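Keep in mind it's a predicted model, so treat the numbers as computed, not measured. Residue numbers start from 1 in every chain, and the chains themselves are labelled A, B, ... in the order their sequence lines are given, proteins ahead of strands. Only heavy atoms go into these numbers, but all of them, side chains included; no hydrogens, no water, no symmetry mates.
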There are 2 protein chains.
Amino acid sequence: MATGRTHRPATRSRGIPEATVARLPLYLRALTALSERSVPTVSSEELAAAAGVNSAKLRKDFSYLGSYGTRGVGYDVEYLVYQISRELGLTQDWPVVIVGIGNLGAALANYGGFASRGFRVAALIDADPAMAGKPVAGIPVQHTDELEKIIQDEGVSIGVIATPAGAAQQVCERLVAAGVTSILNFAPTVLSVPDGVDVRKVDLSIELQILAFHEQRKAGELAAGAVVPAAASRQETAARRGAAAGREPAADQGPDGDVPAVMPT
Amino acid sequence: MATGRTHRPATRSRGIPEATVARLPLYLRALTALSERSVPTVSSEELAAAAGVNSAKLRKDFSYLGSYGTRGVGYDVEYLVYQISRELGLTQDWPVVIVGIGNLGAALANYGGFASRGFRVAALIDADPAMAGKPVAGIPVQHTDELEKIIQDEGVSIGVIATPAGAAQQVCERLVAAGVTSILNFAPTVLSVPDGVDVRKVDLSIELQILAFHEQRKAGELAAGAVVPAAASRQETAARRGAAAGREPAADQGPDGDVPAVMPT
DNA sequence: CAATCTTTGTGCACGCGTTCACAAAGGCAT
DNA sequence: ATGCCTTTGTGAACGCGTGCACAAAGATTG
């Protein structure tokens with residue numbers, strides 16, 4: 001996954017481990033797909049395969065919610081969909097505001113995965129006066145001045161920050177002051193928030209950097225002639241690029257002779 | 001972070017724990033900011049605060065890379081930027097293709113955080129013939145038919161999937177067959193890939209669902225009259241919505257009387 | 001040069017998460 | 001009704017990640 005992780009450990013609630021909570025949406029998605037195909041029941045083995053996890057893990061996860069399965073048969077799909085939705089709080093309506101309607105903000109506003117899971121885009125907010133009134137995804141963009149009023153009128157408790165990094169902390173503070181207690185942050189910054197406010201972070205470039213690390217490792221192993229499990233068809237190309245990227249600091253310079261990556265965040 | 005996690009455990013390489021690798025980009029960002037302000041050295045305490053982590057954790061993370069600090073002084077910012085960039089493989093050029101140029105794909109193409117960290121958008125690919133030739137972020141979109149050729153010509157090993165869920169697996173298979181060994185998946189599906197291929201997942205709606213879970217828990221605790229650390233100013237609104245969302249299954253129905261969230265993925 | 005002060009690097013313990021393996025439980029066939 | 005077969009639910013062991021606390025190391029000051 002991408003994605004960042006919580007800032008605070010987020011103490012486990014009612015004994016449901018954080019790791020399990022993070023997997024519930026995965027199960028829910030797989031179950032929903034089964035539900036649409038009118039599959040009545042599913043075994044832990046099948047569902048685990050569909051969700052991409054270990055079946056023992058899945059059973060243990062479900063055991064935290066209660067005993068919703070039938071031995072010898074499996075789980076009732078519809079019932080499980082409901083129980084998980086309920087546990088995640090998706091049976092209620094969650095008004096959400098998106099702040100920062102650039103490319104990413106617009107993409108989020110258009111993203112279908114929100115509305116279908118109980119999330120309602122209550123407002124789109126941007127600091128650019130030129131954006132005000134312009135409809136995005138059928139919703140008129142409102143100016144930042146209205147932020148506090150919107151939050152309070154709509155009873156918004158979840159905010160999405162898709163602004164540039166420089167504006168994120170300030171927006172965050174205004175959201176929190178107005179009553180938001182959960183924030184999904186797409187800006188590449190560490191947000192500091194008071195206790196009681198949850199922040200989750202999604203960072204697009206971090207994920208790529210992690211991939212690059214593993215990719216480099218693969219290339220290094222190939223160049224070193226180490227055994228590699230599969231991906232044999234790829235060897236030439238990977239080796240071509242990574243051959244010079246040896247482990248030891250033979251030279252003090254990078255393989256391309258370039259300078260360290262420096263960016264304006 | 002949000003975010004999804006790796007599909008495979010991704011065996012630790014050269015003894016650097018996966019958790020540490022995931023934090024290196026955070027440190028790198030904080031260090032880059034310091035570098036721009038021409039700060040020569042930084043202590044583990046300061047840097048940890050800037051990156052939003054524990055200072056002991058940070059020191060332990062750095063210890064996996066080697067002894068790059070000076071006791072009594074701290075770490076040399078420039079040197080550390082270089083070492084981390086190098087470790088992450090950011091000192092080399094990574095051509096990347098983005099498949100699926102919808103709202104999200106366009107946002108990714110425009111995202112500045114890529115180019116600045118050694119990632120180069122080698123091509124934008126979309127299945128819609130009407131998109132072909134249309135420039136997005138200054139790069140002309142190419143048709144899916146060209147996929148294999150592009151991958152091979154450019155030596156691309158990292159692919160980004162931003163297609164609808166239904167197309168993701170097929171695109172994935174074509175990418176892998178053409179030589180891609182690392183995939184960043186934004187489509188809400190579990191991708192199945194052969195050994196040797198890394199997949200990281202970013203799922204926007206999963207993060208929101210996790211926030212909703214905690215939000216519901218907070219609301220439940222407030223309604224139950226439990227002590228709550230801070231966020232006192234918010235109590236009324238949160239309680240208003242969450243009051244009926246008690247822990248015990250008083251009614252078999254959700255607080256809003258609505259049906260379980262069912263969506264088309 | 002010696003004493004002091006700051007900060008790193010890490011040994012150690014603890015807790016969480018994962019996985020194995022199996023007993024209990026229920027359906028189903030005979 | 002009885003026995004078999006399937007699948008759940010979970011006890012227990014293991015490994016990873018985290019955080020504490022401190023010794024070692026180097027700078028700095030007198």
Side-chain angles (χ1 to χ4, degrees), chain A residues 1 4-24 26-27 31 34 39-77 79-80 83-84 210, chain B residues 1 4-24 26-27 31 34 39-77 79-80 83-84 210:
Chain A
M1 115 200 320
R5 270 285 171 267
T6 40
H7 185 231
R8 297 180 308 111
T11 157
R12 66 164 56 184
S13 38
R14 163 114 136 286
I16 300 184
E18 191 58 26
T20 295
V21 172
R23 279 189 295 267
L24 290 182
L26 283 179
Y27 302 145
L31 284 164
L34 292 172
V39 177
T41 60
V42 65
S43 72
S44 64
E45 204 71 48
E46 294 166 326
L47 185 54
V53 302
N54 186 299
S55 72
K57 197 188 295 188
L58 179 142
R59 287 198 299 276
K60 179 145 287 190
D61 283 342
F62 285 175
S63 79
Y64 292 116
L65 309 184
S67 291
Y68 295 147
T70 306
R71 296 171 191 235
V73 177
Y75 299 90
D76 182 278
V77 171
Y79 187 56
L80 205 45
Q83 289 299 340
I84 295 180
I210 297 172
Chain B
M1 149 219 122
R5 272 284 172 269
T6 40
H7 185 230
R8 297 180 308 110
T11 159
R12 64 165 55 185
S13 38
R14 165 113 136 283
I16 299 184
E18 191 58 28
T20 295
V21 173
R23 279 189 294 268
L24 290 182
L26 284 179
Y27 303 146
L31 284 164
L34 292 171
V39 176
T41 61
V42 65
S43 71
S44 64
E45 203 72 46
E46 293 166 326
L47 184 54
V53 301
N54 184 299
S55 72
K57 196 187 296 186
L58 179 142
R59 287 198 299 276
K60 182 150 291 188
D61 283 342
F62 285 174
S63 79
Y64 292 117
L65 308 184
S67 290
Y68 295 148
T70 307
R71 297 175 191 231
V73 176
Y75 298 90
D76 182 278
V77 171
Y79 188 56
L80 204 46
Q83 289 299 340
I84 294 179
I210 296 172

Participant: Output the rounded distance in Å from OH (Tyr64(A)) to P (dT18(C)).
Facilitator: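 From Tyr64(A) OH to dT18(C) P: 9 Å.
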Participant: Expressed in angstrom and rounded to an integer, what is the separation of Leu65(A) atom CG from dG9(D) atom P?
Facilitator: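 Rounded to whole Å, this separation is 10 Å.
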Participant: Rounded to the Å, how far apart are Glu18(B) CD and dT18(C) P?
Facilitator: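 Value for this atom pair: 14 Å.
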Participant: Phosphate oxygens OP1/OP2 of dT7(C): is one of them under 4.0 Å from a side-chain N or O of Ser43(B)?
Facilitator: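 Answer no for this pair, as no side-chain N or O of Ser43(B) is under 4.0 Å from OP1 or OP2.
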Participant: What integer distance in Å separates Arg59(B):CZ from dT8(C):P?
Facilitator: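 Between P of dT8(C) and CZ of Arg59(B): 6 Å.
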Participant: Within the structure, does a side-chain N or O atom of Arg23(B) lie under 4.0 Å from either OP1 or OP2 of dT18(D)?
Facilitator: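 For dT18(D), OP1/OP2 do have a side-chain N/O of Arg23(B) under 4.0 Å.
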Participant: Side-chain donor or acceptor of Lys60(A) under 3.5 Å from a matching atom on the base of dT19(C)?
Facilitator: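 Side chain to base: pair present.
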Participant: Mind checking Ser67(B) for me? I need base, sugar-phosphate or nothing, with any heavy atom below 4.0 Å counting as a touch.
Facilitator: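 Sugar-phosphate contact only.
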Participant: Assert yes or no for the condition that the ring centre distance of Tyr68(B) to Tyr79(B) is strictly below 6.0 Å.
Facilitator: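 Between Tyr68(B) and Tyr79(B), the centre distance is under 6.0 Å.
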Participant: Scan nucleotides 25-30 of chain D against the protein and return all N/O pairs shorter than 3.5 Å with their distances rounded to 0.1 Å.
Facilitator:
residue : atom : partner  : partner atom : Å
dA25(D) : O4'  : Arg71(B) : NE           : 3.4

Participant: What's Phe62(B) touching, base or sugar-phosphate or nothing? Going by heavy atoms closer than 4.0 Å.
Facilitator: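 Here Phe62(B) touches no strand at all.
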Participant: How close or far is atom P of dT7(D) from atom CG of Asp76(A), stated in whole angstroms?
Facilitator: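 About 16 Å, once rounded to whole Å.
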Participant: So how far is it from Leu47(B) CG to Tyr27(B) OH, rounded to the nearest 0.5 Å?
Facilitator: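 Rounded to the nearest 0.5 Å, the CG-OH separation comes to 7.5 Å.
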Participant: Can you tell me if the side-chain N/O atoms of Tyr75(A) get under 4.0 Å from OP1 or OP2 in dG9(D)?
Facilitator: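 Checking dG9(D) against Tyr75(A), a side-chain N or O does come within under 4.0 Å of OP1 or OP2.
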Participant: CD1 of Ile16(B) versus C1' of dG17(D): gap in Å, rounded?
Facilitator: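 Whole-Å distance recorded here is 15 Å.
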Participant: Atom CG of Leu58(B) to atom P of dG17(D): distance rounded to whole Å?
Facilitator: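 For the pair Leu58(B) CG and dG17(D) P, the rounded distance is 16 Å.
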Participant: Starting at atom NZ of Lys57(B), determine the distance to atom C1' of dA21(D), rounded to an integer number of angstrom.
Facilitator: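 That distance rounds to 17 Å.
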